[in-house]
2 protein chains.
Amino acid sequence: MKPKIAHATLHDVAELAGVSHQTVSRVINDSPRVSENTRQRVLEAIQQLNYQPNHTARALATRRSLTLEIVTFGVGYYGPAQMMGGVERAAKARGYRLFFSNLDRLTYADMRETVEDLKRQQVEGVVLIAPVRSVLYEELIKERNNIPVVQLATQKDVTFPSIIIDQHLGSRLATQHLIDTGHSSIAAISGPLHWNDAAARHEGWLDTLQDNHLNPVNWTEGDWSAASGYRAAHELIDHGAKFTALVIANDQMALGAILALRERGLRIPEDVSIVGFDDIPEASFFDPPLTTIRQDFSTLGEQSVEYLVEIIADPQSAAGQRVLTPRLILRKSHR
Amino acid sequence: MKPKIAHATLHDVAELAGVSHQTVSRVINDSPRVSENTRQRVLEAIQQLNYQPNHTARALATRRSLTLEIVTFGVGYYGPAQMMGGVERAAKARGYRLFFSNLDRLTYADMRETVEDLKRQQVEGVVLIAPVRSVLYEELIKERNNIPVVQLATQKDVTFPSIIIDQHLGSRLATQHLIDTGHSSIAAISGPLHWNDAAARHEGWLDTLQDNHLNPVNWTEGDWSAASGYRAAHELIDHGAKFTALVIANDQMALGAILALRERGLRIPEDVSIVGFDDIPEASFFDPPLTTIRQDFSTLGEQSVEYLVEIIADPQSAAGQRVLTPRLILRKSHR
DNA sequence: AATAATCATGTGAACGTTCACATATAAGTT
DNA sequence: AACTTATATGTGAACGTTCACATGATTATT
């Protein structure tokens with residue numbers, strides 16, 4: 001019995017219910033200013049026509065889109081993917097829809113494109129996953145037509161709205177634990193240092209060694225991949241580095257390094273202790289199970305939406321950086 | 001010198017350039033029907049006012065939103081995350097924006113919510129990552145207000161527009177290879193069987209054994225996680241299963257299984273051969289490097305957008321299922 | 001030189017909502 | 001009984017575009 005009107009409008013419903021379009025509008029917006037009697041009649045008409053409010057028209061009229069955008073760099077990576085999940089969940093809970101935009105490369109053209117898009121989009125706020133050091137982000141922030149932006153995984157102590165996990169602290173936790181358990185030759189495999197988290201973790205390692213009057217033995221830079229961890233570990237040994245422990249900037253590289261060390265006849269943890277970062281779900285099943293610094297990326301994503309919503313409600317409340325704390329998870333890759 | 005009008009409109013630009021709004025509209029839409037002279041004048045005004053066309057208004061007037069939606073189940077998993085990346089890339093290349101919606105649980109309420117949202121959204125098409133067997137998807141498809149939908153990772157031989165990777169074939173590739181290299185006791189750890197890919201892989205394994213007149217030795221079901229692979233391998237042995245090879249439905253479970261087997265004193269590949277599925281980037285750095293069936297999820301995502309765009313252009317062209325082929329990648333976890 | 005065709009521009013009404021009012025009826029106060 | 005107040009509804013103009021058409025100026029055709 002459902003008349004198949006392509007898309008019923010407010011007016012179609014009004015006509016069928018014998019009221020004005022405004023009354024229908026009141027019904028769908030839960031206005032108290034409408035009698036129970038007519039409300040029922042309208043509801044029935046809505047049902048009968050399978051009416052759904054047109055979001056576009058509504059956005060145009062109210063000048064509110066109820067839409068957020070997430071701009072991410074590298075969906076392929078574990079961290080960003082987890083953050084996205086968190087952002088989506090929180091956005092949905094708050095009644096916002098989510099545009100999704102990924103940057104594969106941080107080129108000027110791609111960034112430009114993204115900025116222009118943002119301006120056209122009628123978006124109420126942006127979660128920017130900005131894990132890499134780049135002036136392009138600043139450009140985006142400046143040119144964004146006053147749309148609130150919350151940055152994730154950016155640099156520490158930055159003054160604009162942002163949330164980070166304290167990587168320096170995380171690295172300190174890892175390194176200090178190794179020192180406390182008797183190690184004094186602690187090498188490192190860092191992430192790509194133009195990534196904020198990689199840089200912070202690296203400095204945390206350096207600072208902790210310094211505080212304990214230890215020399216930074218040796219380190220190399222990887223690219224987050226297991227392949228690069230494998231190469232890095234081999235390199236370290238090739239260059240004659242002596243170490244009894246290894247701080248590795250993420251779990252994937254740790255996996256690669258474990259394989260390399262084994263190839264070199266080194267046992268873990270007997271000959272070298274390892275601690276990683278992230279605590280990916282697989283980390284417990286490395287051989288040996290990996291001691292690592294857990295990052296709650298998903299919560300990070302959720303909180304970014306909370307923050308954003310606060311700013312949207314009151315732009316004055318846009319105040320600085322919030323910081324989450326990582327946690328050392330002890331398993332069997334160290335002693 | 002830039003006057004900071006919150007949002008300049010077509011009319012603001014028209015006034016400044018001394019033309020009608022329609023002329024400005026022509027300019028921004030690259031209509032040939034405008035003299036070079038006035039085009040310049042308009043362009044200048046646009047620049048000066050920092051004008052950006054309002055996407056919402058345009059969508060309302062043209063009844064085209066230039067927006068696609070991706071509905072996914074489990075961003076946390078490797079496959080879906082990769083597909084998303086592909087979808088985003090292709091959508092952007094085609095000039096479409098992308099709404100992102102994730103389902104954490106396949107409950108009626110969540111699905112209902114998603115369907116209602118779709119109807120309101122003014123979206124031109126939907127990529128539905130539907131890796132799990134559920135009637136709820138059918139509901140979504142039926143009630144979608146005639147919006148084109150392309151399903152990914154759904155069941156084989158289904159008649160609506162969809163793209164899958166041939167998991168049955170993949171499993172056949174894996175199992176047959178083991179048989180060809182001399183194995184006759186081939187056990188399996190499957191994924192959760194209500195997942196389409198898991199079911200297809202499982203059947204592929206069964207069918208291949210049957211074709212070769214071998215008995216399916218034994219198998220257990222995991223949940224894709226490394227933890228479940230670990231448990232499953234232990235279980236298999238606890239139950240007295242005898243096998244010289246193991247087909248494991250994804251690489252993460254393979255990782256867990258490898259650890260379990262080693263704990264039981266079994267060497268890989270000397271005592272048991274292993275082949276996984278997916279070829280996650282870490283698979284080369286398992287110990288031993290994992291032989292596995294590579295899935296090109298990212299291409300799958302891209303192609304879904306191509307298909308969707310075809311359907312949008314010509315709804316008649318919505319025809320059936322397209323199939324991609326997986327590939328066996330030989331490494332060192334078998335012999 | 002007159003007529004037709006082309007080009008450059010303008011005008012007003014859509015698109016489907018909400019917003020700011022205006023109006024009519026009912027109920028409450030003095 | 002007259003006057004205020006509250007309640008239920010309707011009216012027309014926004015929102016910022018595009019669309020369909022109308023107009024006037026230029027150029028081409030016979």
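Each chain gets a letter, A, B and so on, in the order the sequences are listed, and its residues count up from 1.
Regarding A:Ile28, its CD1 atom lies at a distance of 9 Å from the C1' atom of C:dT18, rounded to whole Å. In this structure, B:Leu66 places its CG atom 13 Å from C1' of D:dT17, rounding to the nearest Å. If you measure from atom CG of A:Asn37 to atom C1' of D:dA8, you get 12 Å, rounded to the nearest angstrom. Atom CG of B:Leu10 and atom P of C:dT11 are 14 Å apart (whole Å). In this entry the distance linking NE2 of B:His11 with C1' of C:dT11 reads 11 Å, nearest Å. Atom CD in B:Gln22 sits about 7 Å away from atom C1' in D:dT18, given to the nearest Å. Distance, A:Arg64 CZ to D:dG16 C1': 19 Å, rounded to whole Å. Rounded to an integer number of Å, the gap from CG of B:Asn29 to P of D:dT17 is 11 Å.
Nearest to the side-chain atoms of B:Arg33 among the listed nucleotides D:dT11, D:dT9, C:dC7 stands C:dC7. Comparing C:dT17, D:dG10, D:dT17 against the side chain of B:Asn54 picks out D:dT17 as the nearest. Distances were taken from every side-chain heavy atom of A:Arg63 (C-beta onward) to each of D:dA8, C:dC15, D:dC15; the shortest belongs to D:dC15. Proximity note for B:Ser25 (side chain, C-beta onward) versus D:dG16, D:dT18, C:dT17: the nearest is D:dT18. When distances are taken from the side chain of B:His21 to each of C:dG12, D:dG10, D:dT9, the shortest belongs to C:dG12.
The residue among B:Arg39 and A:Thr62 whose nearest nucleotide of DNA chain C lies closer to the 5′ end is B:Arg39. Mapped onto DNA chain C by nearest heavy atom, B:Ala57 and B:Ser20 fall at different nucleotides, with B:Ser20 at the one closer to the 5' end. Each of A:Glu36 and B:Leu60 was matched to the nucleotide of DNA chain D holding its nearest heavy atom; the match closer to the 5' end belongs to A:Glu36.
Between the two ends of the helix from C:dA2-D:dT29 to C:dT30-D:dA1, each summarised by a five-pair axis, the helix axis turns through 50° (rounded to 10 degrees).
Side-chain to base pairing of B:Arg26 with C:dG10: one donor and one acceptor N or O lie within less than 3.5 Å of each other.
OP1 or OP2 of C:dT9 lies within a sub-4.0 Å distance of a side-chain N or O belonging to B:Ser35.
At least one donor-acceptor pair under 3.5 Å links the side chain of B:Thr67 to the backbone N or O of B:Ser65. Distance alone, capped at 3.5 Å, places no donor-acceptor pair between the A:Thr154 side chain and the A:Gln151 backbone. Although no hydrogens or angles enter the test, the distance criterion places no donor-acceptor pair under 3.5 Å between the side chain of B:Glu302 and the main chain of B:Ala90.
B:His55 comes within 4.0 angstrom of nothing in the nucleic acid, heavy atoms only. Heavy atoms of A:Thr38 sit under 4.0 angstrom from primed sugar atoms or phosphate atoms, though from no base atom. If you check every strand for non-hydrogen atoms under 4.0 Å, B:Arg58 touches sugar and phosphate atoms only.
With sequence neighbours left out, the side-chain contact (heavy atoms from CB on, under 4.5 Å) criterion links B:Asp314 to B:Gln316, B:Ser317.
Ring geometry for B:Tyr78 against B:Phe297 counts as perpendicular: the plane angle is over 60°, on a 0 to 90° scale with 30° as the lower cut. Using the six-membered ring where Trp is involved, A:His11 and A:His21 have ring planes that are parallel, under 30° apart on the 30 and 60° scheme.
Ion pairing between A:Lys92 and B:Glu113 fails under the 4.0 Å rule for side-chain N and carboxylate O.
In summary, of the residues considered (A:Gln22, A:Arg26, A:Arg39), a side chain to side chain contact (heavy atoms under 4.5 Å, CB included) with A:Ser31 occurs for A:Arg26 alone.
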